[in-house]
Amino acid sequence: MSSKENAAIGQLLELLESRYAIRVLWALRDGHAQTFRLLQDSVGTITPNTLNTRIKNLRAAGLVDHGNEGYVVTTLGTDLLKRLADLPAFATKWVATLAKKDI
């Protein structure tokens, strides 16, 4: 992997590691616009200030945008979510593996 690729991955991980960033994207994954209030409810225990900050960061990164009906994932955000689509299957497998170790 080139240093340019490493830098790009580092930038993306830094963004996604921000508290609730992935949850915000995940809440918007179905493609339906969500108002601020609905998005806050979808994400869970996020404060309004934190949600504002995450939305600002995700918009600056080109992953989320705001339309007439609320916040939506951009084409670039949709591409990222497609790449993360295997996460639920992996998480289930991972948890099962951890449970076997506890036996």
Side-chain angles (χ1 to χ4, degrees):
M1 197 177 301
S2 72
S3 61
K4 192 174 182 179
E5 289 170 325
N6 279 333
I9 289 170
Q11 284 181 285
L12 178 61
L13 289 177
E14 184 177 338
L15 173 68
L16 297 178
E17 286 171 348
S18 299
R19 190 168 185 182
Y20 296 106
I22 290 179
R23 286 188 185 194
V24 171
L25 284 171
W26 202 253
L28 295 170
R29 74 188 178 280
D30 65 0
H32 295 101
Q34 293 190 30
T35 63
F36 185 89
R37 175 78 63 199
L38 184 57
L39 185 55
Q40 186 178 10
D41 290 344
S42 296
V43 171
T45 58
I46 191 169
T47 66
N49 285 340
T50 301
L51 181 55
N52 267 326
T53 301
R54 289 309 152 254
I55 289 170
K56 180 182 173 185
N57 295 345
L58 292 169
R59 286 182 77 180
L63 300 175
V64 170
D65 202 2
H66 188 268
N68 292 335
E69 297 181 28
Y71 295 97
V72 293
V73 176
T74 64
T75 303
L76 192 58
T78 299
D79 186 27
L80 174 60
L81 286 168
K82 283 179 185 174
R83 295 167 192 274
L84 294 174
D86 290 334
L87 194 60
F90 176 81
T92 301
K93 181 179 175 181
W94 176 66
V95 167
T97 301
L98 290 178
K100 287 179 184 176
K101 288 183 179 182
D102 289 340
I103 296 176

Going through the checks in order, is the salt bridge (charged side-chain N to carboxylate O under 4.0 Å, His left out) test met by Arg83 and Asp79? CA-CA 6 Å; Arg83 295 167 192 274; Asp79 186 27; 3.1 Å; yes
Do Leu15 and Tyr71 belong to the same hydrophobic cluster, where Ile, Leu, Val, Met, Phe, Trp and Tyr are linked whenever their side-chain heavy atoms lie under 4.5 Å apart, directly or via other members? yes
Verify same cluster id: Leu12, Leu81 (apolar side-chain graph, 4.5 Å): yes
Please check if the side chain of Thr74 supplies one atom and the backbone of Asp65 the other of a donor-acceptor pair under 3.5 Å. no
Decide side-chain contact (heavy atoms from CB on, under 4.5 Å) for Arg29 and Val73; before the verdict, give the C-alpha distance in whole Å, the side-chain angles of both, and the deciding distance to 0.1 Å. CA-CA 7 Å; Arg29 74 188 178 280; Val73 176; 5.9 Å; no
Answer yes or no: are there more than 12 heavy-atom neighbours, outside Arg59 itself, under 6.0 Å from its atom CZ? yes
Expected output: side-chain Gln40 to main-chain Leu51 donor-acceptor under 3.5 Å: no
Near His66 NE2, under 6.0 Å, is it more than 12 heavy atoms from other residues, nucleotides or ligands? yes
Do the side chains of Leu80 and Tyr20 join up, straight or via other hydrophobic residues, at under 4.5 Å, putting them in one cluster? yes
Do Ile9 and Leu25 land in one hydrophobic cluster if side-chain heavy atoms of ILVMFWY residues count as linked below 4.5 Å? no
Determine the minimum heavy-atom distance between Ala27 and Ser42, stating which atoms define it. CB-CB, 3.7 Å
Between CD1 on residue Ile46 and CG on residue Leu39, distance to nearest 0.5 Å: 7.5 Å
Nearest atoms (heavy-atom pairs only) where Leu16 meets Ala21: O-CB, 3.9 Å
Can you tell if the side chain of Lys56 reaches within under 4.5 Å of the side chain of Asn52, non-hydrogen atoms only? no
Dump the intermediate steps for side-chain contact (heavy atoms from CB on, under 4.5 Å) on Val43 and Trp26, then the final yes or no. CA-CA 8 Å; Val43 171; Trp26 202 253; over 6 Å; no
Minimal heavy-atom distance between Thr50 and Arg19, with the atoms involved, is CG2-O, 4.3 Å
Tell me the closest heavy-atom pair linking Leu76 and Gly62, and the distance in Å. CB-O, 3.7 Å
Stepwise, does the side-chain contact (heavy atoms from CB on, under 4.5 Å) test hold for Phe36 with Ile55? CA-CA 9 Å; Phe36 185 89; Ile55 289 170; 3.9 Å; yes
If Ile, Leu, Val, Met, Phe, Trp and Tyr residues are connected whenever their side-chain heavy atoms lie under 4.5 Å apart, and connections chain through other members, are Val24 and Ile22 in the same group? yes
Closest heavy-atom pair and its distance - Leu84, Pro88: O-CD, 4.1 Å
